[in-house]
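Notes follow the structure.
Counting convention: from 1, in listed order, for ligands and their atoms alike.
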Amino acid sequence: MRWTSPTPNGYTLGLMSSPASRTDQLPDPAQLNVPDLIQKKRSGQAHSAAELNTLIGGYTRGEVPDYQVAAWLMAVCFQGMTAQETGDLTLSMARSGDLLDLSSLPYTVDKHSTGGVGDKTSLVLTPMLAALGLTVAKMSGRGLAHTGGTIDKLESIPGWRAELSEEAFLRQAREIGLALVGQSSNLAPADGLLYALRDVTATVDCLPLIASSIMSKKIASGAHSIVLDVKVGAGAFMKTIADGEGLARTMVDIGRHAGRNVRAVLTDMGAPLGRLAGNSLEVQEAIATLRGQGPEDLHQLCIELAVEALTAAGFPDDARARAEATLQGGSALAKFRAFVAAQGGDPEYVDDPALLDVAPGRAELNAGADGYLLAIDALSVGRAVLALGGGRERKGEAIDHGVGVELLLRPGEVVTVGQPLLRVYHRQERGLPRALELLRAGLLIGAERPDVPPLILGRIG
Ligand code: URA
C-alpha cells in the first residue's frame with residue numbers, strides 16, 4: 001500500500017498500512033548529513049518537512065544512531081520549533097508505523113488525557129459519546145508510575161479483554177459505537193524510540209517534543225475529531241496554567257496541520273478526580289457516574305468533554321443538554337454494558353459493581369488538627385496506590401486491581417481533629433506503611449478557608 005496525504009477522514013489507505021511501504025518513499029538517509037541538521041537546529045534555524053522525514057525515518061530504521069539524535073533533541077530543547085516544524089515532526093512520527101484507517105466509520109472521535117490520578121473519565125465519556133451517535137474506536141494505554149491506565153481499569157471486570165482483531169475492532173465500533181483496545185506496538189514506533197532516548201538525556205520536558213509525542217499517536221490512531229484533557233497542577237505533567245495552555249495550543253495547531261478537528265480543555269489536577277483512586281474502585285465510581293450518581297467533579301468534566309467532542313464533530317446545538325441526558329436517561333450506561341459484554345466482560349459486574357474485587361484491608365488517616373482541608377496532593381495519592389501494588393513501576397509488571405485510596409473529604413471542607421480524611425484499601429498490609437507516609441505528607445490542614453481552583457481552567461479549540 002502507498003502512503004498518501006491526510007484527508008479530513010483520516011488517511012486514504014487500507015485498514016492498516018505497513019511502515020516499510022511508506023518509509024521507502026522518504027529521502028535516502030545516505031544523502032542526509034545528520035551533523036548538518038544538528039548544526040542547523042543548534043543555530044536556531046527551522047527544518048523542512050523533508051529533513052524531518054529523513055531524520056525520523058532514518059532513526060526508526062536504525063540508520064541514524066542514538067548519539068546524533070540525542071544531540072539533535074537537546075538542540076530542539078534549547079532552540080524550540082516553529083508551529084510548521086512541530087506539525088511536520090508529528091506527521092513524520094505518525095507515519096513511522098501503522099496508520100489506522102477509520103474512514104469507513106461515522107463521526108470518529110478520540111480522547112486523550114495528559115494523565116492524572118483517579119482519572120476514570122474515559123470509562124464514562126466514551127460510552128456517552130457512543131450514546132450521542134459518535135464512534136469511538138480507540139487505542140488506550142496501561143498505567144505507568146503514579147498515573148493509571150484505562151486498560152488496567154477495565155481489566156478489573158472479570159473476562160474483559162483488550163485484544164481484538166482489526167476486523168472485530170471495526171465491526172464492534174460500527175455496531176456499538178465503542179471499541180477499545182491496547183495500543184498496537186507498531187503505533188508511531190518513532191515516538192517509542194524517541195521517548196526512551198529523551199528519558200535518559202533530560203529532554204522529556206520540552207514542549208514541541210511532548211506535543212508531537214502525544215499527537216503522533218493520536219493522528220496514527222485515525223479519528224477525525226480529538227478531544228484533549230490537559231491536566232494542570234501537582235499531579236500533572238504541566239504544573240502551571242500557562243504551561244498547560246502552551247501545550248494545549250501546540251496540540252490543537254498540530255491537529256489543524258494534520259487535517260483533524262482538535263479541541264482542548266484545561267483541567268485542575270491539584271487533587272485527584274472524584275473520590276476513588278485504584279482500578280476496581282475507579283470502575284465502581286465510573287458506573288455510579290454513568291447512573292447519574294457520580295461525584296460532581298467527574299460528572300462535570302465528562303459533560304464538558306462531551307460538549308467539546310460534539311462541537312468538534314460538528315454538532316454543537318444543545319450539546320450540554322444532550323450530554324446530560326445520556327447520564328440521566330441511562331443510554332450511556334447501556335452502551336457501557338454492551339461494550340463490556342462485546343469484549344468478553346461479564347455484564348453482571350456492570351449491573352452490580354459491588355461484586356468487583358476490592359481488597360478487604362482498611363486503614364484510615366485522621367485529621368491531626370481542626371480547620372480546613374487545604375490540599376490532598378494528587379501525586380501523593382497516585383504514589384500511595386502504586387506503593388499498595390495498584391500500579392506498576394516498570395512496563396509489564398502485574399498489578400493488584402483491588403487496592404486503592406478513597407477521599408472522604410475534598411479540599412475546602414471543614415475538618416475536626418480525629419476525623420477520618422482518607423481510607424486506604426489494602427491487601428494484607430502490603431505497602432501500607434509507605435502509602436500512609438505518602439498520604440500524610442500530601443495532606444494539608446490550615447485555619448483559613450482555601451480558594452479551591454475551579455475544575456475547568458480554560459478551553460482551546
Ligand atoms: N505523554 C506522551 O505520550 N509523551 C510525552 O512526551 C509526554 C507525555
Side-chain angles (χ1 to χ4, degrees), residues 52 56 59-60 66 69-70 72-74 76-77 80-81 85-87 89-98 100 110-117 119 121-122 138-152 182-223 226-240 243-255 258 260 262 264-267 269 378-379 382 391-395:
L52 290 166
I56 298 304
Y59 184 52
T60 309
D66 276 353
V69 177
W72 177 79
L73 288 169
M74 190 57 83
V76 170
C77 287
M81 284 189 141
E85 271 182 302
T86 310
L89 171 65
T90 309
L91 287 179
S92 296
M93 291 163 67
R95 292 167 182 174
S96 67
D98 293 336
L100 193 54
D110 200 351
K111 174 253 173 186
H112 179 80
S113 156
T114 58
V117 176
D119 187 2
T121 314
S122 289
K138 182 171 168 54
M139 294 197 194
S140 262
R142 291 183 185 278
L144 196 59
H146 69 277
T147 52
T150 300
I151 298 286
D152 292 320
Q183 201 167 293
S184 141
S185 59
N186 201 34
L187 189 82
D191 174 58
L193 294 168
L194 286 170
Y195 196 91
L197 192 57
R198 287 166 58 204
D199 212 16
V200 292
T201 54
T203 53
V204 168
D205 191 12
C206 167
L207 193 135
L209 298 180
I210 297 173
S212 56
S213 165
I214 294 171
M215 290 302 289
S216 62
K217 290 169 284 198
K218 291 288 119 184
I219 286 165
S221 299
I226 301 165
V227 182
L228 302 168
D229 178 6
V230 178
K231 305 284 187 197
V232 177
F237 228 100
M238 295 290 137
K239 305 294 178 204
T240 67
D243 285 350
E245 267 176 5
L247 178 62
R249 250 179 236 295
T250 307
M251 294 196 291
V252 168
D253 287 347
I254 291 171
R260 311 297 170 95
V262 183
V265 181
L266 280 126
T267 63
M269 190 29 80
L379 193 56
R392 57 177 71 78
E393 307 265 11
R394 269 169 241 92
K395 277 187 184 172

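The contact shell of ligand 1, taken as protein residues with any non-hydrogen atom closer than 4.0 angstrom, comprises Y195, R198, I210, S213, I214, K217, F237.
Note that the NZ atom of K239 and the CG atom of L379 stand 6.0 Å from one another [nearest 0.5 Å].
L187 is listed as a side-chain neighbour of S221, based on a closest heavy-atom distance under 4.5 Å.
A donor-acceptor pair is defined here as one N or O able to donate and one able to accept, closer than 3.5 Å; no such pair exists between the side chain of R198 and the backbone of L73.
Among the candidates V265, D110, V262, the single residue satisfying the side-chain contact (heavy atoms from CB on, under 4.5 Å) test with L228 is V262.
Neither side chain, D191 nor S216, offers a donor N or O lying under 3.5 Å from an acceptor on the other.
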message: Quick one, K138 with K218, criterion side chain to side chain contact (heavy atoms under 4.5 Å, CB included). Give me CA distance, side-chain angles, the key distance, then yes/no.
response: CA-CA 9 Å; K138 182 171 168 54; K218 291 288 119 184; 3.5 Å; yes
